[in-house]
Amino acid sequence: EAYSIASLSKLMTAMTFLDAKPNLKEEVIVTVEDDPHEGKTVFAAGERFTKQELFEALLIGSVNTAGNTLARTTGSGREEFVRRMNRKVQELGLSQAIFFEPTGLDARNKASARDVAIMLRAALSYPEIRETTEKNHLSLVGRATKKPYEIDSTNLLLGSFLNKPPYQVIAAKTGSLPEAKFCLAQVTRHQDGGEVIAVVLGSDDHFS
């Protein structure tokens, strides 16, 4: 069944962004339109970061403003970016996925658990995504304000006793909305090299 997937949408955002072959060192400015005004504002309008920094903030801290800024400044703007997200749905053969914006704040962003598993498997083919989703913390300094930003991963399992030999969390993304409840897509590797993808949608809490 198709469920609202909240910030698991950012996996598709990350792939669509990288497919555009961006210059990750390019600096961009956060604008008022990039702030979705949902929850705590992380990056204020006028702040400046490289696309690499925003990409890491997107996947590690699930920063919504980062997703909107990257979508707006990649290619022909945000609307075209979302169209490319949905073209990627077709390329990957996802049967129930659909996206209306790049952050996951729109509850109409939906997919089945199978779709999300395929999406995560595809995302792992991008070294930049695999490397970034292993990190549990990001330190940034805004280039406009010189303000430091400390961003923690939204995946509590990265810092838990479960993320120890013989198991290693090698990629993960969380998401939550009232309509989506709590969602998790994660890849765990055993010491023998085997990797398992697990997807949970619509959980009542972080631990179900």
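Counting heavy atoms from C-beta outward, Leu177 and Ser4 have side chains that approach closer than 4.5 Å. Taking the side chain as every heavy atom from C-beta outward, Ile98 and Phe100 approach each other to under 4.5 Å. Between Gln96 and Lys110, the closest side-chain pair of non-hydrogen atoms is not below 4.5 Å. Side-chain contact check for Thr73 versus Lys51: some heavy-atom pair is nearer than 4.5 Å. Considering only heavy atoms from C-beta on, Phe17 stays 4.5 Å or farther from Leu58 through its side chain. Looking at Val187 and Val169, their side chains never come closer than 4.5 Å, going by heavy atoms from C-beta outward. A 4.5 Å side-chain heavy-atom check between Ile29 and Arg48 finds at least one atom pair inside the cut-off. Residues Ile151 and Val63 form a side-chain contact, since some pair of their non-hydrogen atoms from C-beta on lies under 4.5 Å apart.
Side-chain contact, Asp115 with Ser112: a donor N or O sits under 3.5 Å from an acceptor N or O. A donor and an acceptor atom, one from each side chain of Glu134 and Thr132, are nowhere located under 3.5 Å apart. For the residue pair Asp34/Thr65, the side-chain donor-acceptor check at 3.5 Å is not satisfied. At a cut-off of 3.5 Å, with distance as the only test, a side-chain donor of Ser62 or Ser7 sits close to an acceptor on the other residue. There is a side-chain donor-acceptor pair under 3.5 Å between Thr145 and Glu47. Of the N and O atoms on the side chains of Tyr3 and Glu179, not one donor lies less than 3.5 Å from an acceptor on the other residue. In summary, the side chains of Thr13 and Lys10 do not present any donor paired with an acceptor at a separation below 3.5 Å, with no hydrogens or angles considered. For the residue pair Glu101 / Asn109, a side-chain donor-acceptor distance below 3.5 Å is found, with atom types taken as modelled.
Formation of a donor-acceptor pair under 3.5 Å by the Asn86 side chain with backbone atoms of Val82 is found in this model. For Thr74 (side chain) and Ala71 (main-chain N/O), no donor-acceptor pair under 3.5 Å exists by modelled atom type.
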Run the side chain to side chain contact (heavy atoms under 4.5 Å, CB included) test on Leu201 and Ile5 for me, step by step, so that the C-alpha distance in whole Å, both residues' side-chain angles and the decisive distance to 0.1 Å come before the verdict. CA-CA 7 Å; Leu201 303 179; Ile5 60 171; 4.1 Å; yes
Pair Ser9, Phe99 - check side chain to side chain contact (heavy atoms under 4.5 Å, CB included), show working. CA-CA 8 Å; Ser9 303; Phe99 297 94; 3.8 Å; yes
Stepwise, does the side chain to side chain contact (heavy atoms under 4.5 Å, CB included) test hold for Met15 with Leu92? CA-CA 11 Å; Met15 288 190 286; Leu92 295 176; 4.0 Å; yes
What do the steps show when you test Thr103 against Asn68 for side chain to side chain contact (heavy atoms under 4.5 Å, CB included), and what is the final call? CA-CA 7 Å; Thr103 70; Asn68 282 331; 3.4 Å; yes
Under the salt bridge (Lys or Arg N to Asp or Glu O under 4.0 Å) rule, what do Asp204 and Lys181 come out as? Steps first, then yes or no, please. CA-CA 6 Å; Asp204 289 330; Lys181 299 185 179 181; 3.1 Å; yes
Salt bridge (Lys or Arg N to Asp or Glu O under 4.0 Å) evaluation trace for Glu1 with Arg114: CA-CA 9 Å; Glu1 293 181 44; Arg114 179 180 182 276; over 6 Å; no
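Ion pairing between Glu53 and Arg143 holds under the 4.0 Å rule for side-chain N and carboxylate O. Of the charged side-chain nitrogens involved, at least one lies within less than 4.0 Å of a carboxylate oxygen, so that Arg130 and Glu195 count as a salt-bridged pair.
When the options Lys173, Lys88, Met12 are evaluated for a side chain to side chain contact (heavy atoms under 4.5 Å, CB included) with Met119, the one that passes is Met12.
Using a 30° and 60° split on the angle between ring planes, Phe49 and Phe43 fall in the tilted class, from 30° to 60°.
Scanning both residues, Ala171 and Leu124, for their nearest heavy atoms gives CB-CD2, 3.3 Å. Considering all non-hydrogen atoms of both residues, Ala14 and Ile129 come closest at CB-CD1, 3.9 Å. Asp205 and Ser203 get closest at one heavy-atom pair: O-OG, 2.7 Å. Considering every non-hydrogen atom in both Ala123 and Leu11, the closest pair reads CB-CD2, 4.4 Å. Counting all heavy atoms, side chain and backbone alike, Ala66 lies closest to Leu54 at CB-O, 3.4 Å. Contact record, Ala57 with Leu138: N-CD2, 3.5 Å, taken as the closest heavy-atom pair.
Linking ILVMFWY residues whenever their side-chain heavy atoms come closer than 4.5 Å, directly or via other members, leaves Phe182 and Leu59 in distinct clusters. Both Val30 and Val42 belong to a single network of hydrophobic side chains, linked directly or stepwise wherever heavy atoms of I, L, V, M, F, W or Y lie under 4.5 Å apart. One hydrophobic cluster holds both Leu140 and Val28 under the rule that ILVMFWY side chains link at heavy-atom gaps under 4.5 Å.
To the nearest 0.5 Å, atoms CD (Glu128) and CG (Leu24) are separated by 6.5 Å. Rounded to the nearest 0.5 angstrom, Leu120 CG and Leu8 CG are separated by 9.0 Å. To the nearest 0.5 angstrom, Phe55 atom CZ is 9.5 Å from Ile60 atom CD1. Separating the CZ atom in Arg78 from the CG atom in Leu70 is a distance of 12.0 Å, to the nearest 0.5 Å. One finds the CD atom of Gln52 at 13.0 Å from the CD atom of Glu26 (value rounded to the nearest 0.5 Å). Between Ile118 atom CD1 and Ser95 atom OG the span is 7.0 Å, to the nearest 0.5 Å.
Remark: Lys147 NZ is loosely packed, at most 12 non-hydrogen atoms of other residues, nucleotides or ligands lying under 6.0 Å away. When the shell of 6.0 Å around CD of Glu27 is examined, it contains more than 12 heavy atoms from other residues, nucleotides or ligands.
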